[in-house]
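The structure appears below as structure tokens.
Note that the coordinates shown come from a computational prediction; the quantities given were computed from them, not determined experimentally.
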Amino acid sequence: QVQLVESGGGSVQTGGSLRLSCAASGFTSNRCMGWFRQAPGKEREVVATTHTSDGTTYYADSGKGRFTISQDNVKNTVYLQINNLKPEDTAMYYCAARVGLGCVVGAERYNYWGQGTQVTVSS
């Protein structure tokens, strides 16, 4: 059974850092792993993606410079390091997987989703 479990969210002050983790289980093939976020009243948007086959990464403009996506294939875990957090980063952060295909930015094209982890940044 395929499963994605996020952790690492929390409440931090502006300028702080968090490292989100996404533990994957049940997958048997290479896949694109993406981090998305959704703030109240807004659409879910991609933050960063990486492919398990070669570690290729992509960052949305919102994630460039402050977000780093990485993976540990031994632990089957993908991480999202977020530095210099800002109040506008407040959102539910989701991990998603797109099996057997390349990375894309559209959330609707991902097959599997975790339950999300909340990030709240106060000023």
What donor-acceptor contacts under 3.5 angstrom involve side-chain atoms of residues 92-102, with partners at least two apart or in another chain?
unit_1 : atom_1 : unit_2 : atom_2 : d
Y93    : OH     : R37    : NH1    : 3.0
Y93    : OH     : D89    : O      : 2.7
R98    : NE     : R109   : O      : 3.0
R98    : NH1    : G102   : O      : 2.4

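Listed by chain and residue number, nothing satisfies the side chain to side chain donor-acceptor pair (under 3.5 Å) test with Q3 (two or more places apart in sequence, or in another chain). By the side chain to side chain donor-acceptor pair (under 3.5 Å) test, T52 pairs with N30, sequence neighbours left out. With sequence neighbours excluded, the residues that form a ring-ring contact (aromatic ring centres under 6.0 Å, His included) with F27 are Y112. Partners of D54 according to the side-chain contact (heavy atoms from CB on, under 4.5 Å) rule, which considers only residues two or more places apart in sequence or in another chain, are H51, T56. With sequence neighbours excluded, the residues satisfying side-chain contact (heavy atoms from CB on, under 4.5 Å) with T14 are P87, V121, S123. The salt bridge (charged side-chain N to carboxylate O under 4.0 Å, His left out) check on K64 picks up D61, with sequence neighbours excluded. Applying the side-chain contact (heavy atoms from CB on, under 4.5 Å) rule to Q81 yields the partners S17, R19, T68, N83; only residues at least two apart in sequence or on another chain are considered. Checked against side chain to side chain donor-acceptor pair (under 3.5 Å), T49 has no partners two or more places apart in sequence or in another chain. Residues passing the side-chain contact (heavy atoms from CB on, under 4.5 Å) test with N84, sequence neighbours excluded: R66, K86.
Among pairs with a residue in residues 55-75, none fulfils ring pair (Phe, Tyr, Trp, His ring centres under 6.0 Å), at least two apart in sequence or across chains.
In the hydrophobic clustering (ILVMFWY side chains linked at under 4.5 Å, chained through shared members), V5 stands by itself.
Taken to the nearest 0.5 Å, the CD atom of Q118 stands 12.0 Å off from the CD atom of E6.
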